[in-house]
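Report on the structure given below.
Hydrogens, waters and symmetry mates play no part in the numbers below; they use all other heavy atoms, side chains included.
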Amino acid sequence: MECVTGASSVRKVVKCSRNLGNLFHYTRNVDNLRTQVEELKDKRNSVKDGVGEAEKHGKSIRGSVQNWLSRADDIYDEAETFLNDVEGHAKARCSCESAPSLSTRNRLSREANKMVRAVRKLLDEGKSYEFKGEEAFETRMPIFEGIMEALRDPNVSVIGMYGMGGIGKTTLATEVARQAKEEKLFSEVVMTCVSQTPDIDDIQREIAKGIKIAGERRSPRRDKVKHKNIVLLILDDIWKSLDLPSVGILLERGQNGKKILVISRSLDVVRNLGAEKIFKIEVLSFGESIYLFNKAVGSIIEALDFQACGHEIVKECAGVPVAIETFAYALKDKPLLYWKNALVQLKLSNPTAMEGICQKVYSCISTSYDILSSEEVAALLLCSLHEEDEDIKVENLLRYSVGWGLFQEAHTLEEARCKVKILVDNLKSCCLLLDGNCQETVTMNKVVRYVATIIASKEKHVHYVQNVAKLEECLEEEKLKESKAISLLVYDDFCRVHEGLDCPELELFFMLHAFGSLPIPDPFFEKATKLRSLSLNGACLESLPPSFYLLQRLETLCLCSCDLKDIDWIGELKTLKVLDLSESTIEELPEKIGQLTCLQLLDLRGCRHLRVVKKNAISSLVRLEELYMAEEYDNWEVEGVVEGSNIASLLELKGLQQLTVLFLNVLDAKSLPKDLFSGKLKSYRISVGGKRSFDGAGISKSLYLNLDERSQLNELDLELLMKRSEELALEGFRGLDNVVCELDVNGFPLLKRLQFQNNDGVEYMVDDVGVACGVFPSLESLFLRKLSNMMCIFQQIHRKESFKELREIRVTNCPKLVTLLPLFIIERLHYIQVEECPMLEVIAEYIGVTRVINSIEANLALRCLTLKYLPNLTQFCWSYEHEESYRRHKWLFSGQISLPELEELTLYDLNIEGLWPLWLRSSYSLQNLKTLHVEDCNNLSHLLPFAIVRSLVQLKELRVRACRNMEVLVMMEEQGEEQRLEDISFCKLETLELFHLPRLRRFCAAACLSCPSLLKLTITGCKQLRNLAALLMQTLTSLNVERWELKNLMPSTAAKRLLQLKQLQIKDCFNIEVVVVSIFEQEEERFENIALFPKLKSLELTNLLKLKTFSDGDCKVKLPSLLKLTLRNCPKLETLATSMPIQASGDDKELGEVDLDVTPHLFNESGVLMFPDHLEELNLSWMNVTKLWVDQLPSNLYMQNLKSLIVGNCSNLRFLFSSIAVGRLVQLKQLSVYKEVLVIKEEEEGTSEDISFPKLECLELHNLPRLKWFCAEACVSCPSLLKLSVQECPKLVSIVFSPTPPQLTLHKQLDQEMDLLPGKSLQRMVTLDWEN
């Protein structure tokens, strides 16, 4: 009892002393807060300036920066309110008239101290946003922050950074060192360069100097280096593995304080040095490259001609900082001629023309080649022979290398392929090769390739030639006399090379692009008889030159996509090892191909015209290791059916003892012999019973079986092949009840991908009872489709090994399926797609969990989730903690199921009442969600709870469609959260689409919703939605509004923000009267010409029945960039301008008489909306306008760019244009008129000046019952006319062309002034088309 009393007394004393401290330190705390707030203000302004500068140069802003600024604004405003509370602080202070209020003084002092801590924390976080210099780019910031985080992590001792030469590793490391010093993470920060030839003494001396060890001999210095604590050591420019203990650097893993940052060009080097966290430095983005270039060249880049050329130069520099800066400084203050020359030489990869400029770039990159093996150099130079930015197939590298003899020690293609892949991996680890855009491809950075071509041509006699003309020039100058390899980019005219390839040492020659049917000259190969590898892809080889037969050393011949007929001649090339005929036009594989007894690889994929494979053509290829058959070929002879047949049968494959790779489609399973496939096959893609395309990435054994009966599997001896497969697709299999038990009792241990479809017998896929090691232990992807009787995937599952690698599942059209998978498997999945399963109730089911457990928490690894057309789905996974709430509300997700990795969420046609419960905890996060698409979920009244919105920092695309009962996008649990809801921001949202949400009234419970990055906004059928202004951000480029109920779309104050808007579409808004309503913040703005929508290119107004004008009378509008204007069914729109009187200014009067006709014109020079200077397309239909424009047109540029004019169903329109206006339609290509009276109006009676449409190609006149003349008493000149269509014009007398269009071809030749059909009205339909 005494202890309790004593403890209570202690607490009271502590509380009392704390309160006394607050009373005594009130003034200090408030002053301290004031100081901290000023520092925060400066920091906030600094970050905002950086953000503004970044946005100006087209860089994106990270969500963490936006979030920090938002919190800084909140704390700053709160602190300012606190400090400006004069009345409250007066009560806390001493005065002559009254004593201070102790309670108020204590409270204010405590609040000040609390805010000081909050401000300090925010300032500490903001330190990472001080990253300066050339590397302060979006691509660098995640790496910089990752390294800094690793430096703060006590469990990380060695950090690695790698990237190609000149990429900016040292600059970034210097910035890391600066930041580490500023944050005082280490007592000492030392940075030293190791170099290509490291000197241990120099390295030690630099380290000792940095950590202030002086005057010691070598051994003592090393000992002190070992034991110096709290040191960051940065070892830059490491070329090979370094023995750290020999330098005196010893690290104990996990020790707090000493850390090493190792920097190299090679991934292998930083790995060998024990790096626990590794960061790769990539090239700069194009926007960042432009910024760096512009900064270096200075103000000269502001000139448009320099700007265009500069951007092209930057593209050629491919994001490599050293190249960008080198060219920028070399071209600074130089005339444009120098810039253009540099660009040309860069594109031609011509080093001699720019030797001075390129030397720095060359020396920076070329040193990386010095550490490569001879085979790596050869592989890299082979890559450099490909086209710039080309995705180079690794398989092609293998085929060229085999012929070129790069792997003499490799006895089989499998060994050679393994060697090539190792070389490619090594080159990628050195950043000399990059992953291509397609699987199994690589590419080269432009700068790396540029340096490689220099080395190849100067040192290795390997040449890249642009075209045949350049090849001819080089041959004449004997530049290629010693060439070992030549790559020809464009094969356009070989006839120019009369003497052929005078390259006696040439071993490799390949073409990249061939155009048309261009024969190869007869002597072309006479002086290149050492050729070993030849690629003539895309060539026309109907007749081969005689010199072709002299290539008796040829080992690789690639004729991909060639036009081939008779290929008997291939049998003469006895040394061939690789023959690629893929995508060619061959129709027959001749028997003579069997003479190629050295052939190891034959590729016939994509040969759609192949009809016959001659008997013994394949069986004679005794050394064949790899056979890739045409997918469509199915003309195999069935043994014993036709006597004396000359067509090959599948049995010939059994004689190929060396065969290890087989790609084969057997469309008719009945033609398949028993026991065809050898156990020696190491890689295959085989389809039986149909044609199948396989993904192939990372898979070497793929099998597709479309069998009617389960029994056929045994009859055709396919079981062993199926069990060995890594990818398996099964279709049909009537009589099959259980996939595992009946097909492989071992549970398919090797299978990685499984697809099963079109079966009506299987009730469940898996039962692991009796399976020793679990089922599908290696399976990564599972696809199930049209399994009409399957009720569940698992009947029983007992082993954790089952499905342990499963990451993807797709299920479609399984009408009896009730549950998907157990939760312990769902937790590991990255991709789930379930569609058209009407009985499905739950995705993740608990197995082995009783109802005694109150709650179950699970962190899912899901990246993408798609659920469509699942009417019975009530929840993703059951939560017992809120069981009653779930029964009542049908939430899809519970608070216990976390989705921290989710990037895409798509929901269609579900009967759920909410995605997440309103009571969701505030820590719940969807920080990686980028795309959210919800459609046809009619029970949803809201989209998201407030608690989840703040975490959506990566959301870029939000689409909500056809949810009839949705009233609000963001809902909160309690009304007290409304104040907190005001600062909602989707900081990275770029696309927002709201379609057919008839009950939607607002976006969120508070008025303020910010989308600072919004690019595209589409709102359709949201009749009760009232305010768009909050979403009209200055970043918006596309705005589409349909079925809007208000009288105006936006105020002018909002319209002025839309500086980036390029497309505006308004449709079916039956109550709208004006698009932009004038609201001016200052009176002097009222009559200014406001360049609203300065970048608008397309404007469409359709079915706006009450629209009177685009903008009202107080706002003059210009659309300087408009290219396309469409007006449809706006019956009250007589003018895009207001109907205010048109008054001529002094300038107008100088131009002559102004049209004072009070009839409103759709366009007029003095009105609110003038005809856009750059308009190219004008489309008008169902309009009540009587005139399109004023007769007097003061500007010579008026309508000069109009290319297409389509007018229809405008019954009040008297004429389209005057003869004066026609003279300005110099670009018009299409003129289509429907239901009009007169096309061209003459200025005065009796005038008959000819009318000319110099570029008109299409003229259409349809359904014009009152039209008599196209142009009264005048001839029409249409020299470019290609199409004339006349329909339903009974009164049209004639159209007189003078002269006749040169392309015109009719049934009857026209005279110069002759009616189309003289002496009679046009027929009900006349359509005349003619060609050049």
Assess the residue pair Q833 and E835 against the criterion (side-chain contact (heavy atoms from CB on, under 4.5 Å)); give the C-alpha distance rounded to whole Å, side-chain angles, the decisive distance to 0.1 Å, and a yes or no. CA-CA 7 Å; Q833 178 179 322; E835 300 182 11; 3.0 Å; yes
- Task: Could you please spell out the steps behind the side-chain contact (heavy atoms from CB on, under 4.5 Å) verdict for S1098 and L1064?
- Result: CA-CA 6 Å; S1098 176; L1064 174 60; over 6 Å; no
message = Could you go through F286 and H311, starting from their C-alpha distance and side-chain angles, then the distance that decides it, and tell me whether this counts as side-chain contact (heavy atoms from CB on, under 4.5 Å)?
response = CA-CA 9 Å; F286 182 66; H311 285 194; 4.3 Å; yes
Which is it for L40 and I75 under the side-chain contact (heavy atoms from CB on, under 4.5 Å) test, yes or no, and what are the steps along the way? CA-CA 9 Å; L40 177 63; I75 292 179; 4.2 Å; yes
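Remark: L870 CG to E841 CD distance equals 11.5 Å, nearest 0.5 Å. Between M971 atom CE and L969 atom CG the span is 10.5 Å, to the nearest 0.5 Å. Remark: F1003 CZ to L1000 CG distance equals 7.0 Å, nearest 0.5 Å. Here the straight-line distance linking atom NZ of K1047 with atom CD of E1073 works out to 5.0 Å at 0.5 Å rounding. Rounding to the nearest 0.5 Å gives a distance of 8.5 Å between CD of E957 and CD of E904. L1107 contributes atom CG, which lies 9.0 Å from atom CG of L1127 (distance to the nearest 0.5 angstrom).
Side chains of S1038 and L1015 form no contact here, defined as non-hydrogen atoms less than 4.5 Å apart. In this structure the side chain of T1020 never reaches within 4.5 angstrom of the side chain of V1041, judged on heavy atoms. Side-chain atoms of I1066 and L1099, non-hydrogen and from C-beta on, never get closer than 4.5 Å to each other. No side-chain heavy atom of N1103 sits under 4.5 Å from any side-chain heavy atom of K1067. Side-chain contact between L943 and L932: present, with at least one pair of heavy atoms (C-beta onward) separated by less than 4.5 Å. No side-chain heavy atom of L806 sits less than 4.5 Å from a side-chain heavy atom of E808. Counting heavy atoms from C-beta on, the side chains of L1061 and L1039 come closer than 4.5 Å. Here the side chains of S1013 and L989 are not in contact, with every heavy-atom distance at 4.5 Å or above.
Side chain to side chain, N938 and N965 fail the donor-acceptor criterion of an N or O pair below 3.5 Å. Between the side chains of E1045 and N1071, at least one donor N or O lies within less than 3.5 Å of an accepting N or O. In this model, no donor atom of one side chain and acceptor atom of the other lie less than 3.5 Å apart for Q1063 and Q1065. For the residue pair E78 / Y76, no side-chain donor-acceptor distance below 3.5 Å is found, with atom types taken as modelled. Side chains of K1095 and Q1060: a donor-acceptor N/O pair is present below 3.5 angstrom, by distance only. Checking N872 against T874 by side-chain atom types alone, no donor-acceptor pair falls below 3.5 Å.
Remark: H830 pairs with R807, A861, R863 by the side-chain contact (heavy atoms from CB on, under 4.5 Å) rule, at least two apart or across chains. With sequence neighbours left out, the ring pair (Phe, Tyr, Trp, His ring centres under 6.0 Å) criterion links Y908 to H933. Shown here are the salt bridge (Lys or Arg N to Asp or Glu O under 4.0 Å) partners of E993, two or more places apart in sequence or in another chain: R959, R961. The side-chain contact (heavy atoms from CB on, under 4.5 Å) check on K280 picks up Y162, E282, C431, L434, with sequence neighbours excluded. Residues satisfying the side-chain contact (heavy atoms from CB on, under 4.5 Å) criterion with Q927, sequence neighbours excluded, are P900, S925, V953. For N1179, the side-chain contact (heavy atoms from CB on, under 4.5 Å) partners two or more places apart in sequence, or in a different chain, are T1126, R1128, I1206.
Ion pairing between a basic and an acidic side chain is recognised when a charged N comes within 4.0 Å of a carboxylate O; E990 and K988 show no such pairing.
The residue from V811, V834, V818 that alone fulfils the side-chain contact (heavy atoms from CB on, under 4.5 Å) condition with L840 is V834. Partner of L892 under the side-chain contact (heavy atoms from CB on, under 4.5 Å) criterion, out of L865, I843, L907, L940: L907 alone. Screening I826, T819, I825 for a side-chain contact (heavy atoms from CB on, under 4.5 Å) with P822, the sole residue that qualifies is I825. Under the side-chain contact (heavy atoms from CB on, under 4.5 Å) test applied with L929, the options L958, L899, L955 reduce to a single match, L955.
Taking a 6.0 Å sphere around CD of E149, one finds it holds 12 or fewer heavy atoms contributed by other residues, nucleotides or ligands. Within 6.0 Å of CG on D77 lie more than 12 heavy atoms contributed by other residues, nucleotides or ligands.
At distances below 3.5 Å, at least one donor-acceptor pair connects side-chain atoms of N939 with backbone N or O atoms of N911. Judged by distance alone, with hydrogens and angles left aside, the side-chain atoms of E145 form no donor-acceptor pair with the main-chain N or O of P142 at under 3.5 Å.
Listed here is the closest heavy atom pair of V949 and V970: CG2-CG1, 3.6 Å. I793 approaches L820 most closely through the heavy-atom pair CD1-O, 3.5 Å. Counting all heavy atoms, side chain and backbone alike, L952 lies closest to I948 at CG-O, 3.7 Å. The minimum heavy-atom distance linking M1050 with L1058 is given by the pair SD-CD1, 3.9 Å. L284 approaches S289 most closely through the heavy-atom pair CB-OG, 3.6 Å. Annotation for W1044 and L1025: closest pair CH2-O, 3.6 Å, computed over non-hydrogen atoms.
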